[in-house]
Asks: 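Questions regarding the structure given below will be posed in turn.
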Amino acid sequence: MTYQATADRLASSPFMQALRCKKADYTPIWLMRQAGRFMPEYREVRSKTGFLELCHNPELCAEVTVMAVKLLKVDAAIIFSDILLPLQSLGCGLEFVKGDGPVIHNPVRSAADVERLPKIDCRESLSYVLEAVKTARRELPENIPLIGFAGAPFTLASYLIEGGSSRNFEKTKRFMYTERRAWDKLMQHLSVIVSDHLNNQIDAGAQAVQIFDSWIGCLGQSDYIEYVLPHAARTIAGIQKGGPVVHFGTGTSALLELMKQAGGDVIGVDWRIDLNAAWEKVGYDRGVQGNLDPVVLFAEKDEIKRRVRQLLKQAGGRAGHVFNLGHGVLPETPYENVKYLVEVVHELSSK
Ligand code: CP3
């Protein structure tokens with residue numbers, strides 16, 4: 001196929017149509033963490049390779065990316081990578097400790113720590129991600145779009161400051177409230193990295209990008225407006241290469257209008273709000289992505305089908321719905337149920 005024919009096929013795929021709020025033949029579905037520990041084939045790869053080692057191996061990342069699409073029959077691929085890799089480029093000592101999740105050995109705790117963060121050339125220091133994008137694009141079916149991604153500045157800052165995952169984000173918020181100038185400087189620094197990295201992934205062959213502001217739901221509305229919105233808006237405005245952009249967060253029922261204001265062609269929502277209510281807040285000039293509770297996949301098939309029907313009804317047959325879970329597939333999820341979900345979304349949404 002010629003380059004133009006391939007580009008046309010990708011652009012007319014149900015996923016790309018939905019991102020642009022155009023009618024599709026059926027509701028496209030992909031799943032956050034669609035290549036992950038719930039999948040025996042992924043666990044097999046991981047039995048021989050550490051997580052970070054895997055992230056740094058473009059061939060294996062591409063293989064895992066394509067594998068998930070072929071096995072699950074989802075409508076889009078997401079590059080296998082991690083939002084925390086740019087923090088490794090910043091020299092913060094990233095490690096994944098079994099059972100504990102990510103650990104940052106040199107966290108940011110003061111204005112002086114922010115000053116010490118190096119300027120990085122993302123194209124160079126994250127070249128292995130771009131290589132994975134190129135390889136995955138080459139190996140994917142020609143009608144399957146590839147999603148690139150990055151963490152949003154707030155979520156990245158929260159890992160940098162907390163030194164890992166957190167429940168209450170005390171250190172992050174204290175830094176934000178007491179070190180205003182250093183906070184803005186940190187967010188600005190991260191915002192440039194995120195826009196650059198997303199633009200580079202688009203250059204390398206990604207058709208769309210998603211920004212994960214996974215933990216933004218810990219903030220109230222006024223704090224979002226004051227400490228995050230300008231930076232999120234600049235990050236998204238910095239994605240110049242034709243987008244489209246999915247802007248995702250969890251616990252965001254009260255923040256959806258503000259996230260839309262910050263930007264994104266599609267707003268990703270979790271299950272804590274009904275999809276119809278979420279879409280009303282976002283406005284019908286944008287698409288929405290979501291939002292089945294990942295734990296529904298632990299139920300019987302009948303219940304999964306009922307919940308899919310309910311969700312599609314909430315979407316009301318409008319153009320611009322991308323089916324997804326409200327957050328990533330959980331490691332203990334029954335594999336058969338993940339496959340069933342994809343089948344049933346296609347079946348029930350086909351015209
Ligand atoms: O969605 C996909 O299939 C693409 C791959 C992807 C991963 N991480 C692979 C991964 C994506 C999009 C991410 C994003 C990511 N990474 C986020 C945002 C999404 C979200 O979940 O909110 C966050 C917060 C991270 C940071 C991170 N990476 C955490 C908190 C963990 C969990 C640690 C653990 O022990 O579960 C990871 C590890 C990680 N990233 C895994 C995968 C498949 C599991 C690692 C393993 O194989 O053991």
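Atoms within each ligand, like the ligands themselves, are counted from 1 in listed order. Count residues from 1 along the sequence. Values below: all heavy atoms of this structure, side chains included; hydrogens, waters and symmetry mates excluded.
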Asks: Can you tell me which residue and heavy atom of the protein come closest to atom 13 (C) of ligand 1, and the distance to 0.1 Å?
Replies: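 Protein heavy atom at minimum distance: Arg33 NE, 3.9 Å.
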
Asks: Go through ligand 1 atom by atom and flag the ones less than 4.0 Å from a non-hydrogen atom of Tyr159.
Replies: 24 (C), 30 (C)

Asks: In terms of residue, atom name and distance, what is the protein heavy atom nearest to atom 26 (C) of ligand 1?
Replies: Asp82 OD2, 3.5 Å

Asks: Between Thr27 and Asp75, which heavy-atom pair has the shortest distance, and what is it?
Replies: O-OD2, 4.3 Å

Asks: Starting from atom 14 (C) of ligand 1, find the nearest protein heavy-atom neighbour and note its residue, name and distance.
Replies: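 Here the closest protein heavy atom is Ile83 CG2, 3.7 Å.
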
Asks: Any N or O on Ser214 sitting closer than 3.5 Å to an N or O of ligand 1?
Replies: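 Right, the criterion is met.
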
Asks: Tell me whether Val103 shares a hydrophobic cluster with Leu85, the cluster being built from Ile, Leu, Val, Met, Phe, Trp, Tyr side chains joined at under 4.5 Å.
Replies: no

Asks: What part of Gln210, side chain from CB on, backbone N/CA/C/O, both or neither, has a heavy atom under 4.0 Å from ligand 1?
Replies: neither

Asks: Which of the numbered atoms in ligand 1 are under 4.0 angstrom from any heavy atom belonging to Ser81?
Replies: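 Listed by number with element, the hits are 5 (C), 6 (C), 7 (C), 8 (N), 9 (C).
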
Asks: Is the contact between Thr250 and ligand 1 made by the side chain, the backbone, both, or neither, using heavy atoms and a 4.0 Å cut-off?
Replies: neither

Asks: Distance under 4.0 Å to a non-hydrogen atom of Ala35: what atoms of ligand 1 satisfy this?
Replies: 3 (O), 43 (C)

Asks: For ligand 1, which atoms, with element, lie under 4.0 Å from some heavy atom of His327?
Replies: 20 (C), 21 (O), 22 (O)

Asks: Based purely on interatomic distance, does Ser165 place a nitrogen or oxygen under 3.5 Å from a nitrogen or oxygen of ligand 1?
Replies: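 No, no N or O pair falls under 3.5 Å.
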
Asks: Give the atom numbers and elements of ligand 1 that come within less than 4.0 Å of a heavy atom of Leu84.
Replies: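 Contacts of ligand 1 toward Leu84, numbered from 1: 26 (C).
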
Asks: Determine, using ring centers only, whether Tyr42 and Phe80 are less than 6.0 Å apart.
Replies: yes

Asks: Is it the case that the ring center of His327 lies less than 6.0 angstrom away from the ring center of Trp215?
Replies: yes

Asks: Distance alone, cut at 3.5 Å: any donor-acceptor contact between the side chains of Asn57 and Tyr128?
Replies: no

Asks: Let me check something: do Val269 and Val295 share a hydrophobic cluster, defined by ILVMFWY side-chain heavy atoms less than 4.5 Å apart, either directly or through other members?
Replies: no

Asks: Report the nearest protein non-hydrogen atom to atom 11 (C) of ligand 1: residue, atom name, distance rounded to 0.1 Å.
Replies: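 It is Phe149 CZ, 3.5 Å.
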
Asks: Measuring from the heavy atoms of Tyr42, does anything fall under 4.0 Å of ligand 1?
Replies: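 Right, Tyr42 reaches ligand 1.
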
Asks: As an exercise, identify every atom of ligand 1 less than 4.0 angstrom from a heavy atom of Ile78.
Replies: 1 (O), 2 (C), 3 (O), 4 (C), 12 (C)

Asks: Give me the atom names and distance for the closest heavy-atom approach of Ala77 to Thr65.
Replies: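 The pair with the smallest heavy-atom distance is CB-CG2, 4.0 Å.
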
Asks: If we ignore angles and hydrogens, is there a donor and acceptor under 3.5 Å between the side chains of His247 and Gln289?
Replies: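 No, Gln289 and His247 have no side-chain donor paired with an acceptor closer than 3.5 Å.
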
Asks: So, using salt bridge (charged side-chain N to carboxylate O under 4.0 Å, His left out) as the criterion, who are the partners of Arg272 when residues are at least two apart?
Replies: Asp270

Asks: Record the part of Pro331 in heavy-atom contact with ligand 1 below 4.0 Å; permitted values are side chain, backbone, both and neither.
Replies: neither

Asks: Identify the closest protein heavy atom to atom 41 (C) of ligand 1: which residue and atom is it, and at what distance?
Replies: Phe51 CE1, 3.7 Å

Asks: Side chain to side chain contact (heavy atoms under 4.5 Å, CB included) for Asp285 and Lys260? Distances and angles first, verdict last.
Replies: CA-CA 10 Å; Asp285 58 330; Lys260 173 202 182 163; 2.9 Å; yes

Asks: What residue and atom, counting heavy atoms only, is the protein's closest point to atom 37 (C) of ligand 1, and at what distance?
Replies: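 Checked against all protein heavy atoms, atom 37 (C) of ligand 1 sits closest to Phe96 CE2, 3.4 Å.
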
Asks: Considering distance alone, does some N or O of Trp215 sit under 3.5 Å from an N or O of ligand 1?
Replies: no

Asks: Do the ring planes of Phe248 and Phe212 sit parallel (below 30°), tilted (30 to 60°) or perpendicular (above 60°)?
Replies: perpendicular

Asks: Checking Lys171 against Phe175: charged group under 6.0 Å from the ring centre and within 45 degrees of the axis?
Replies: no

Asks: Looking only at distances, please establish whether an N/O atom of ligand 1 is found under 3.5 Å from an N/O atom of Gln34.
Replies: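 Between Gln34 and ligand 1, an N or O pair is found under 3.5 Å apart.
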
Asks: Just wondering, do Gln210 and Val245 contact through their side chains at under 4.5 Å, heavy atoms?
Replies: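 No. Closest side-chain heavy atoms not under 4.5 Å.
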
Asks: In the structure I gave you, are the side-chain heavy atoms of Pro294 and Met32 within less than 4.5 Å of one another anywhere?
Replies: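 They are not in contact (no side-chain heavy atoms under 4.5 Å apart), so the answer is no.
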
Asks: Once you restrict to heavy atoms under 4.0 Å, what part of Lys98 touches ligand 1? Side chain, backbone, both or neither.
Replies: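 Contact part for Lys98 vs ligand 1: neither.
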
Asks: Tell me, which pairs form a ring-ring contact (aromatic ring centres under 6.0 Å, His included) where one or both residues lie in residues 288-311, sequence neighbours left out?
Replies: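 Pairs touching residues 288-311 that pass the test: none.
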
Asks: State the atoms of ligand 1, each with its element, that fall below the 4.0 Å cut-off from a heavy-atom position in Gly101.
Replies: 33 (C), 35 (O)

Asks: Arg46 to ligand 1: N or O pair under 3.5 Å?
Replies: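 Indeed, backbone or side chain, Arg46 has an N or O that close.
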
Asks: List the closest protein heavy-atom neighbour of atom 36 (O) of ligand 1: residue, atom name, distance to the nearest 0.1 Å.
Replies: Arg37 NH2, 2.5 Å

Asks: Counting from 1, what ligand 1 atoms have a heavy atom of Ile79 closer than 4.0 Å?
Replies: 4 (C)

